[in-house]
Amino acid sequence: MFGSLGLPELLLIFVVALIVFGPKKLPEIGRTLGKALGEFKKATDDLKNTIEREVRVEELKELRQIPSNIATAVMNPPAETVSRSEPVTVQAEIVTPAPQPAAAPAAAAISAPAATPQAD
């Protein structure tokens, strides 16, 4: 709670304050210090809330501008855009090969006996 201040340090501070201010003034000083800390905390909370509110207002303004930006883009589309992250690709025509003749003549050639020279 008090950082690096331990119990002995806090007791020493209390004893010195008691000696310096006296037992009659010490409760009054404590109340005044407590009120001051409370006001400080309230002021910092108000400041933090104000900053957060302003940030939300700015975000809402940005969100309201998005539909108008989209409408402008739809009404006036760009002529042609190329993204630098995407490579430009050219679409090639797919050429289909001509159908092959039927496999029947090749099978006939295999089944026919080959002419062999005869020895006389």
Side-chain angles (χ1 to χ4, degrees):
M1 181 168 132
F2 292 106
S4 62
L5 291 178
L7 186 61
E9 289 87 3
L10 289 174
L11 286 175
L12 180 66
I13 292 170
F14 179 71
V15 169
V16 170
L18 187 61
I19 293 171
V20 171
F21 297 112
K24 291 184 181 181
K25 280 282 203 185
L26 200 56
E28 184 181 330
I29 292 172
R31 277 191 294 275
T32 305
L33 186 61
K35 287 180 182 179
L37 287 175
E39 289 294 323
F40 179 74
K41 183 176 180 184
K42 183 180 175 185
T44 55
D45 286 343
D46 287 344
L47 179 65
K48 185 172 73 170
N49 291 337
T50 303
I51 291 172
E52 288 175 355
R53 190 177 330 116
E54 291 297 324
V55 168
R56 277 190 241 121
V57 167
E58 290 297 320
E59 288 174 353
L60 287 175
K61 285 180 183 178
E62 290 175 7
L63 288 176
R64 286 181 184 158
Q65 290 176 356
I66 289 174
S68 64
N69 292 343
I70 291 173
T72 303
V74 169
M75 298 302 285
N76 301 322
E80 185 175 323
T81 59
V82 177
S83 174
R84 293 182 186 207
S85 63
E86 298 177 7
V88 176
T89 57
V90 177
Q91 293 182 349
E93 290 184 31
I94 300 175
V95 178
T96 57
Q100 296 290 332
I110 295 174
S111 62
T116 57
Q118 293 182 351
D120 289 304

**OP:** Identify the two heavy atoms, one from Pro23 and one from Leu18, that lie closest to each other, and give their separation to 0.1 Å.
**Re:**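 Of all heavy-atom pairs spanning Pro23 and Leu18, the closest is CA-CD1, 3.9 Å.
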Original post:
Quick one: hydrophobic cluster around Leu11, which other residues, with the 4.5 Å side-chain cut-off, linked directly or via members?
Top reply: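 Leu11 clusters with Leu7.
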Original post:
Residues in side chain to side chain contact (heavy atoms under 4.5 Å, CB included) with Arg31, at least two apart?
Top reply: Pro27, Glu28
**OP:** Check the hydrophobic clustering (I, L, V, M, F, W, Y; side-chain heavy atoms under 4.5 Å; chains of links allowed) and say if Phe21 and Val16 are grouped together.
**Re:**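 Looking at the clustering, Val16 is in the same group as Phe21.
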Could you tabulate the donor-acceptor pairs under 3.5 Å formed by side-chain atoms of residues 37-58, not counting sequence neighbours?
| residue | atom | partner | partner atom | Å |
| --- | --- | --- | --- | --- |
| Thr44 | OG1 | Phe40 | O | 3.2 |
| Thr44 | OG1 | Lys41 | O | 2.8 |
| Asn49 | ND2 | Asp45 | O | 3.3 |
| Thr50 | OG1 | Asp46 | O | 2.8 |

